[in-house]
Amino acid sequence: MTILYSKVPPMPFGESLPLISDQLVKEASIASRIDIAVGYVSVDGLDKLDSLVSRENIKQICLVVGMYLESGIPESIYNRVRLLHKKWQDTGKGEIRFVNNMSYHGKVYLFWQPNQQGNDELKSAVLGSANLSVLAPLGSVARQYELATTITNSNQLHELSTHIEKLKTSCTVSATNLNDFKVIHERIEVLGGIEEVLETTESEQDMYRSLQTDIKIRIPIKAPLATNRFSTDRHDYARSNINVAYGSGRYNKPRNWYEVQITVNKTISTHPNYPKNKPFWIVTDDGYKFEAHTTAANNKQLTAYGKTGNDRVFGRWIKGRLAAAGYVKPVDNTVTDTERLGVVTQEMLNAAQMRVMVLTKTSTQEYGVVFNRLAPTSRNKKGALDKKHWTRELLDVWTVHFEGEKS
C-alpha cells in the first residue's frame with residue numbers, strides 16, 4: 001500500500017511524495033483494462049482519460065459516474081460524455097454508465113494487466129477521495145486537496161472488483177439512455193456583472209412559463225455549414241448574423257467575437273404580433289432576463305436594449321451559451337482566426353438544438369427603462385436613443401427558448 005498525495009500550496013509537499021494524478025497515469029500506461037467509479041467528472045478530466053484510453057495497450061474501459069441523478073448533468077459534461085461513450089462503443093473499447101437509482105460518491109480506480117498467458121489480471125487499485133477531475137485539475141479543483149492509497153492485495157482487489165460489478169449491473173444505465181437525467185445549462189460567465197442583465201430563479205422561470213400565451217415568433221438562426229465557414233457569399237452567413245464578428249470591422253478594428261446581429265426576414269417582421277416601436281423584456285430558459293427591442297429598417301434586427309450596449313449582450317447570451325456547453329471556443333481576435341474555428345456553424349446549432357429561437361409572449365407586463373429619442377436626422381428618421389434620459393414604463397414580457405430545426 002502506498003499513500004498518494006496532492007500538490008496544493010501552502011500544504012507542505014516533499015518532492016519524493018507520490019501524486020494521485022501521476023499514479024493514475026502510470027497505472028494506465030501499463031494497463032490492458034480499466035474500471036473507474038467516481039462521483040463527479042469534468043470535461044478536462046474526460047479528455048485526459050480519453051487520451052490515456054486511446055493508447056493501444058488499453059483494450060477495455062468502463063467509467064461509472066455516480067452523483068448527477070439529483071443535481072442534473074451540466075450540459076458541457078453531458079455533451080462530452082455522449083461523444084466519448086459513442087467513440088468507445090464504436091471502437092469496441094468500452095462505455096460510460098451513470099448511476100440512476102441513488103447517489104454514489106465512491107472513488108475507485110481498478111487496473112488490469114495481461115499475465116503470462118495473455119489474460120487480463122487485476123493487479124492494482126487506487127482508492128481515495130479523488131474524482132476524475134484529478135487527472136486535469138483546473139479552476140477551483142486545482143485548489144482541492146485529495147488523498148488516496150494504492151491497493152495490491154488480491155483479496156481486497158477482488159472485493160473492489162465485485163463491488164464495481166454489482167454497481168454496474170444493479171444501479172446504472174448506459175450513457176446512451178440518459179433521458180431521466182436533467183441537463184443543466186451552465187452559467188454564462190461573460191454575462192456576469194452587466195447591470196442590465198438579471199438572473200432568474202427556477203421558480204421565476206416556472207411563473208413566466210405559466211403566463212405564456214399562444215403568440216409565438218419563430219426566428220431561424222442563420223449560420224453556414226462547417227465547409228462554408230470561409231465563404232464570402234452573403235447567403236452562407238459566415239460573416240453576418242451570428243457570425244457578424246467575421247465581417248468588416250469598424251474603424252479598421254476587428255469586431256468583438258460576441259457581437260451578433262439577429263436579422264429576420266420580412267415575413268417575420270410584418271407578423272401582426274411581432275414586437276415593434278417599444279422595448280420589451282426577454283426571459284430566457286437558462287435563467288437570464290434583459291430588455292430587448294427590434295431596430296434597423298423595418299425592425300428587422302432583434303437586439304438587447306440598455307446602457308451597456310446591444311449586440312454584445314445578446315451575443316454574450318447566445319454565443320456564451322454555446323461556449324459554456326462546449327460547442328465552440330471564444331476567439332480573442334477574429335482577424336487572427338485563420339482556421340475560422342470560432343465561426344458558429346449549422347452543425348454546432350444542430351447539436352445544441354439551437355437552430356430556431358422561439359419568442360413566446362406572456363400575459364404580463366413589467367416596468368422597464370424606455371430611453372427618450374434625440375431629434376430625427378436624415379440617417380435616423382426615428383432619432384437615436386438618448387441614453388442619458390429615460391422613463392420607466394410597463395413593457396411586455398416574452399419568454400425565449402431554442403429548438404432544433406424540425407421541432
Side-chain angles (χ1 to χ4, degrees), residues 72 75 182-185 187-188 191 194 196-222 241-242 260-306 310-311 313-322 349-350 352-371 382 385 390-407:
E75 189 174 9
K182 183 178 180 181
V183 179
I184 305 297
H185 294 300
R187 189 174 186 275
I188 302 172
L191 283 178
I194 299 178
E196 289 83 5
V197 178
L198 309 176
E199 295 192 34
T200 58
T201 64
E202 275 197 39
S203 61
E204 288 174 322
Q205 293 172 48
D206 290 340
M207 182 267 291
Y208 286 117
R209 280 191 287 268
S210 73
L211 298 172
Q212 288 175 331
T213 69
D214 293 332
I215 299 172
K216 296 182 185 291
I217 305 292
R218 298 174 62 83
I219 301 174
I221 304 297
K222 302 168 184 175
N241 289 273
I242 199 169
V260 303
Q261 289 178 350
I262 303 301
T263 304
V264 305
N265 60 35
K266 191 174 181 180
T267 302
I268 296 174
S269 66
T270 56
H271 189 284
N273 292 305
Y274 183 72
K276 297 179 182 178
N277 304 322
K278 196 172 183 179
F280 53 94
W281 284 104
I282 276 184
V283 179
T284 73
D285 64 338
D286 56 348
Y288 297 96
K289 178 180 174 183
F290 51 86
E291 282 188 54
H293 69 149
T294 56
T295 186
N298 300 315
N299 296 94
K300 67 180 181 180
Q301 287 184 359
L302 173 65
T303 186
Y305 183 91
N310 35 46
D311 297 329
V313 171
F314 223 97
R316 285 179 182 185
W317 171 55
I318 298 176
K319 284 186 161 182
R321 178 168 171 156
L322 286 166
L349 296 173
N350 284 335
Q353 292 291 293
M354 288 177 62
R355 287 301 300 276
V356 179
M357 183 167 62
V358 183
L359 293 172
T360 304
K361 191 174 183 179
T362 71
S363 58
T364 191
Q365 290 185 319
E366 295 182 4
Y367 279 98
V369 169
V370 179
F371 293 109
K382 292 182 180 180
L385 295 177
W390 64 87
T391 58
R392 293 187 63 81
E393 301 179 22
L394 279 172
L395 305 177
D396 290 335
V397 179
W398 294 69
T399 63
V400 61
H401 71 276
F402 290 97
E403 294 179 354
E405 189 173 26
K406 296 181 180 180
S407 295

TODO: Begin from the C-alpha positions of Arg316 and Glu196 and carry the test salt bridge (charged side-chain N to carboxylate O under 4.0 Å, His left out) through to its verdict.
DONE: CA-CA 13 Å; Arg316 285 179 182 185; Glu196 289 83 5; over 6 Å; no

Task: Side chains of Thr303 and Gln261 in contact at under 4.5 Å (non-hydrogen atoms) - done: no

- [ ] Verify side chain to side chain donor-acceptor pair (under 3.5 Å) between Thr391 and Glu393, making sure each step is shown before the conclusion.
- [x] CA-CA 6 Å; Thr391 58; Glu393 301 179 22; 3.0 Å; yes

Open item on the list: Determine whether Leu302 and Ile219 satisfy the following criterion, side chain to side chain contact (heavy atoms under 4.5 Å, CB included), listing intermediate values before the conclusion.
Closed with: CA-CA 10 Å; Leu302 173 65; Ile219 301 174; 3.9 Å; yes

Task: Exercise: identify the closest heavy-atom pair between Ala292 and Phe314 - done: CB-CE1, 4.4 Å

TODO: Looking only at non-hydrogen atoms, find the nearest pair between Phe280 and His293 and report the distance.
DONE: CE2-CA, 3.7 Å

Task: Contact summary for Glu366 and Tyr208, nearest pair of heavy atoms - done: OE2-OH, 2.5 Å

- [ ] Hey, could you give me the CZ/NE2 distance between Arg209 and His401, rounded to the nearest 0.5 Å?
- [x] 10.5 Å

Open item on the list: If we check side chain to side chain contact (heavy atoms under 4.5 Å, CB included) with Lys361, which of these qualifies: Asp396, Ile217, Asn273, Leu211?
Closed with: Asp396

Open item on the list: Could you tell me if the side chain of Arg392 sits less than 4.5 Å from the side chain of Val370, heavy atoms only?
Closed with: no

Open item on the list: Is there a side-chain contact between Val283 and Trp398 in this structure, where contact means two heavy atoms from C-beta onward sitting under 4.5 Å apart?
Closed with: no

Open item on the list: Can you tell whether the side chains of Glu199 and Arg187 come within less than 4.0 Å, N to carboxylate O?
Closed with: yes

- [ ] I would like to know whether Val397 and Gln365 meet side chain to side chain contact (heavy atoms under 4.5 Å, CB included); could you show each step before the answer?
- [x] CA-CA 6 Å; Val397 179; Gln365 290 185 319; 5.6 Å; no

TODO: Show your working on side chain to side chain contact (heavy atoms under 4.5 Å, CB included) between Thr294 and Tyr274 and close with a plain yes or no.
DONE: CA-CA 9 Å; Thr294 56; Tyr274 183 72; 3.2 Å; yes

Open item on the list: Could you go through Lys216 and Thr360, starting from their C-alpha distance and side-chain angles, then the distance that decides it, and tell me whether this counts as side chain to side chain donor-acceptor pair (under 3.5 Å)?
Closed with: CA-CA 4 Å; Lys216 296 182 185 291; Thr360 304; 3.2 Å; yes

Task: Value rounded to 0.5 Å, distance of CG in Leu349 from CD1 in Ile221 - done: 7.0 Å

Task: Residue pair Pro220 / Ile268: nearest heavy atoms and the distance that separates them - done: CD-CD1, 3.9 Å

Task: Reported CD1-to-NZ distance for the pair Ile262 and Lys300, which is rounded to 0.5 angstrom - done: 13.5 Å

Task: Between Thr201 and Ser203, a side-chain donor and acceptor under 3.5 Å - done: yes

- [ ] Kindly compute the distance separating CG (Asn265) from NE2 (His271), expressed to the nearest 0.5 Å.
- [x] 11.5 Å

TODO: For residues Asp286 and Arg321, determine if any side-chain heavy atom of one lies less than 4.5 Å from a side-chain heavy atom of the other.
DONE: yes

Task: Ring centres under 6.0 angstrom apart (Phe290, Tyr305) - done: no

Task: Nearest-0.5 Å distance that lies between atom OG1 in Thr399 and atom CG in Leu359 - done: 8.0 Å

Open item on the list: Run Ile282 and Lys289 through side chain to side chain contact (heavy atoms under 4.5 Å, CB included) and show every step you take.
Closed with: CA-CA 6 Å; Ile282 276 184; Lys289 178 180 174 183; over 6 Å; no

Open item on the list: Nearest 0.5 angstrom please: Asn298 CG to Thr263 OG1, how far?
Closed with: 12.0 Å

TODO: Decide, yes or no, whether a salt bridge links Lys278 with Glu291 under the criterion of side-chain N to carboxylate O below 4.0 Å.
DONE: no

- [ ] Looking only at non-hydrogen atoms, find the nearest pair between Pro279 and Leu395 and report the distance.
- [x] O-CD2, 3.4 Å

Task: Output field: ring centroids Phe402/Trp317 closer than 6.0 Å - done: yes

Task: Asp214 atom CG: more than 12 heavy-atom contacts under 6.0 Å - done: no

Open item on the list: I need the minimum non-hydrogen distance between Thr200 and Glu204, along with the two atoms involved.
Closed with: CA-OE1, 3.2 Å

